[in-house]
Amino acid sequence: AQSVTQLDSQVPVFEEAPVELRCNYSSSVSVYLFWYVQYPNQGLQLLLKYLSGSTLVKGINGFEAEFNKSQTSFHLRKPSVHISDTAEYFCAVTKGNNNDMRFGAGTRLTVKP
Amino acid sequence: KAGVTQTPRYLIKTRGQQVTLSCSPISGHRSVSWYQQTPGQGLQFLFEYFSETQRNKGNFPGRFSGRQFSNSRSEMNVSTLELGDSALYLCASSPGQGTTGNTIYFGEGSWLTVV
C-alpha cells in the first residue's frame with residue numbers, strides 16, 4: 001500500500017525567506033501526488049498535484065513542487081513566503097481512480113515577521 | 001459554483017449516542033469520500049461512495065457507516081459514540097468518472113466532540 005512521510009513536523013521561517021517542505025512516498029505502483037494546505041478551522045485546499053508529465057509542478061499562491069521518482073520525493077517549495085502562508089501543509093498520495101487518499105502527518109509552517 | 005457543504009459544522013454528543021453528518025458535494029460530482037482528522041492519528045480515510053455504492057473503505061470499525069443518495073449527497077453515521085471519536089470529519093467530492101488522479105475537493109468539516 002502507498003504511504004507518505006513528511007519529514008518535518010514544524011518549519012519556522014522568516015517572512016520573505018524561501019521554504020521547502022519535504023515529502024517522501026512509498027508505493028509499489030505508480031502514484032499521484034498532491035499538496036494540500038489547511039488554515040485554522042478550515043478544510044483542505046489543493047495547492048498542486050502531480051499526475052504525469054513534467055516533474056516540476058506549479059500551484060497556487062506561488063508554490064511549486066518537484067516529483068523525483070528515483071528519490072521517491074515530492075518536496076514543496078516557495079521562493080519567498082508571506083505571513084499569510086502560515087498554515088498546516090499536507091502531502092498526499094493516491095494510486096488510481098479512487099479517493100482513498102493517504103496523507104502525511106502534516107507540516108506546520110510558521111512565518112515570522 | 002458552490003463548494004462542498006457539510007452540516008452541522010459543530011456538535012457535541014454524549015458517549016453512547018449516535019450521530020449523523022451530512023455532505024453535499026460540488027454539483028456534478030458523483031464521488032463522495034469521508035475522512036477523520038485527529039491530532040493523534042492525522043487524516044484517515046473512512047470510505048468513499050460513488051453512484052450510491054460504497055467503492056472503498058478504510059480501516060474503521062463497523063460503528064462507522066455511510067450512504068449516498070441519488071442526488072450524490074452523502075451522510076455518515078457513527079453509532080455508540082466513544083470519546084476517541086471526537087474529531088474533525090471532512091467530506092470530499094470529485095467527479096469520479098474514471099479519470100485517474102481526480103482532484104478531490106474538501107468541505108470545511110464537521111467538528112464532533114464526544115463528552
Side-chain angles (χ1 to χ4, degrees), chain A residues 1-10 21 23 25 27 29-55 57-60 65 67 74 87-108, chain B residues 3-7 9-10 21 23 25-26 29-51 53-60 66 68 72 74 88-111:
Chain A
Q2 69 274 25
S3 67
V4 173
T5 301
Q6 291 185 242
L7 298 163
D8 307 292
S9 60
Q10 297 187 56
L21 306 184
C23 171
Y25 70 92
S27 176
V29 298
S30 295
V31 295
Y32 306 96
L33 294 155
F34 304 80
W35 275 99
Y36 284 87
V37 61
Q38 186 176 35
Y39 299 102
N41 299 319
Q42 294 188 25
L44 302 175
Q45 180 182 6
L46 179 70
L47 280 176
L48 47 79
K49 61 184 177 183
Y50 172 78
L51 304 181
S52 65
S54 173
T55 57
V57 180
K58 293 191 182 297
I60 63 171
F67 172 66
F74 190 55
E88 189 92 17
Y89 291 79
F90 293 93
C91 182
V93 61
T94 64
K95 64 177 180 179
N97 182 27
N98 64 66
N99 290 347
D100 181 359
M101 183 169 275
R102 303 301 169 101
F103 287 87
T107 297
R108 179 166 297 279
Chain B
V4 179
T5 305
Q6 293 187 244
T7 57
R9 287 294 318 278
Y10 304 92
L21 308 178
C23 173
I26 292 172
H29 285 191
R30 294 165 62 190
S31 169
V32 174
S33 50
W34 290 88
Y35 292 80
Q36 181 196 64
Q37 185 177 23
T38 60
Q41 300 298 319
L43 279 153
Q44 293 184 284
F45 171 76
L46 280 156
F47 31 64
E48 179 200 6
Y49 286 86
F50 178 78
S51 293
T53 301
Q54 189 178 87
R55 186 159 71 171
N56 286 291
K57 189 177 188 304
N59 189 26
F60 278 80
Q68 186 180 33
S72 293
S74 176
L88 175 64
Y89 290 88
L90 290 164
C91 172
S93 78
S94 74
Q97 292 175 348
T99 302
T100 55
N102 277 327
T103 299
I104 300 169
Y105 298 89
F106 285 83
E108 295 200 337
S110 292
W111 288 93

Review point. Is it the side chain or the backbone of Leu88(B) that comes within 4.5 Å of chain A heavy atoms, both, or neither?
Key: side chain
**Study point:** Segment of Leu46(A) engaging chain B (4.5 angstrom heavy-atom cut-off)
**Key:** side chain
Check your understanding: Does the side chain of Val4(B) come within less than 4.5 Å of His29(B)'s, by heavy atoms?
Key -> no
Practice item. Compare all side-chain heavy atoms of Val93(A) with those of Phe74(A) and state whether any distance is below 4.5 angstrom. Key: no
Point to revise | Contact check, side chains of Leu44(A) and Phe103(A), non-hydrogen atoms, under 4.5 Å | key: yes
Revision key, fill the gap. Whatever's closer than 4.5 Å to a heavy atom in chain B on Gln38(A) counts as side chain
Revision key, fill the gap. Highest number of heavy-atom pairs under 4.5 Å with chain A among Arg9(B), Glu108(B), Gln41(B) belongs to Glu108(B)
Revision key, fill the gap. OG1 of Thr94(A) to CZ of Phe45(B), rounded to nearest 0.5 Å, is 11.0 Å
Review point. Considering only heavy atoms, which portion of Tyr50(A) lies under 4.5 Å from any heavy atom of chain B: side chain, backbone, both, or neither?
Key: neither
Point to revise | Neighbour count above 12 (heavy atom, 6.0 Å) for Lys57(B) NZ | key: yes
Study note, to complete from the structure: Residues Phe50(B) and Pro95(B): closest non-hydrogen pair is CE1-O, 4.0 Å
Review point. With respect to chain B, which residue among Ala105(A), Ser52(A), Gly106(A), Gly43(A) yields the maximal number of heavy-atom pairs within a distance under 4.5 Å?
Key: Gly43(A)
Review point. Knowing that exactly one of Gln68(B), Gln54(B), Arg55(B), Arg30(B) qualifies, which makes a side-chain hydrogen bond (donor to acceptor under 3.5 Å, both in side chains) with Tyr49(B)?
Key: Gln54(B)
Check your understanding: Non-hydrogen atoms of chain A under 4.5 Å away: do they reach the side chain of Gln6(B), the backbone, both or neither?
Key -> neither
Point to revise | For chain A, the option from Trp111(B), Phe106(B), Tyr105(B), Phe47(B) that forms the most heavy-atom pairs under 4.5 Å | key: Phe106(B)
Review point. Given a strict heavy-atom distance threshold of 4.5 Å, which part of Leu90(B) is in contact with chain A: side chain, backbone, both, or neither?
Key: side chain
